[in-house]
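Report on the structure given below.
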Amino acid sequence: MTFSLSGLTAHDETLFKSFVRLLAHRTLQQWTFTPEKADVHVVTQEALKSLLPGQKALVVGHAHNGEKNFVGMPFHADALEHVLNDLGSSVASEKQAGTPGFAADMPPARFRLLRWPPSGMLSSTDRMRLATMMTGKWTSLVALHERSGVPLAVCSQFMADLQHAGLLLDFTQTPQATPTQGQQDTAGARSVTVTAPRNVEPGLISRIRSRLGIFSSGRT
């Protein structure tokens, strides 16, 4: 998830970014700053009026005037964590519902982890549970949601983050899904090896048995 800042002093901007970094292991999503086109706009009560309709806002100020997502100043970690999680879940749900551009971030139909994610991506117990359930197993987004009991929006966001980080292996791109030419050649070689003994002359088998002292009752 991304956030922008508008209307805050340089000191308050630095302080807000510091709080976000400190909460990285507690929030459901990983938040990064971007100057524009952010998922959430962090604004003062005065700057709130400049937002376009539909843009999500996290309002900061000294007195709450009824704003939906508000954090008082000076900042408090618990309050900020709560608001960030609410906004993050809301954004993830909207993306899951079909916000333009999200389809490109969707994970493949069946996937598994390439390797254990870095600690920064395992910022909640839900994410830790999902990563554990994906280790060494092929799964899908729906199956993971049903087995884990984790909200679909949280599962989807985690999958998108993993794919963006190059940590998801697509089942359709693995050798198990589509045999390569080398595998086909190897399979053919194995079949030749298996049928080869049928062409051995019977007399040779008799001589081997004779040398080993093995005698059969029938003709060889």
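Reckoned from all heavy atoms, side chains included, excluding hydrogens, waters and symmetry mates. From a predicted model like this one, the values you see are computed outputs, not experimental measurements.
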Donor-acceptor contact present, side-chain [X] to main-chain [Y], <3.5 Å:
X	Y	result
Gln45	Val60	no
Thr44	Leu8	no
Ser18	Thr14	yes
Arg127	Met121	yes
Ser50	Ala47	yes
Asn69	Val83	no
Gln55	Pro53	no
Ser90	Asp86	no

Leu5, Phe70: one ILVMFWY side-chain cluster at the under-4.5 Å cut-off?
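No, Leu5 does not connect to Phe70 through the hydrophobic network.
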Are Trp116 and Met133 connected into the same hydrophobic cluster when the rule is that any two of I, L, V, M, F, W, Y join if their side-chain heavy atoms are below 4.5 Å apart?
yes
Looking only at side-chain N and O atoms, does [Y] offer a donor or acceptor that is under 3.5 Å from a partner on [X]?
X	Y	value
Ser4	His41	yes
His82	Asp78	no
Thr2	Asp39	yes

Compare every heavy atom of Thr27 with every heavy atom of Ser123, then report the nearest pair and how far apart it is.
OG-O, 2.7 Å
Separation between CZ (Phe16) and CG (Leu80), nearest 0.5 Å, reads 5.0 Å
Could you list the residues that satisfy side-chain contact (heavy atoms from CB on, under 4.5 Å) with Ser119, not counting sequence neighbours?
none
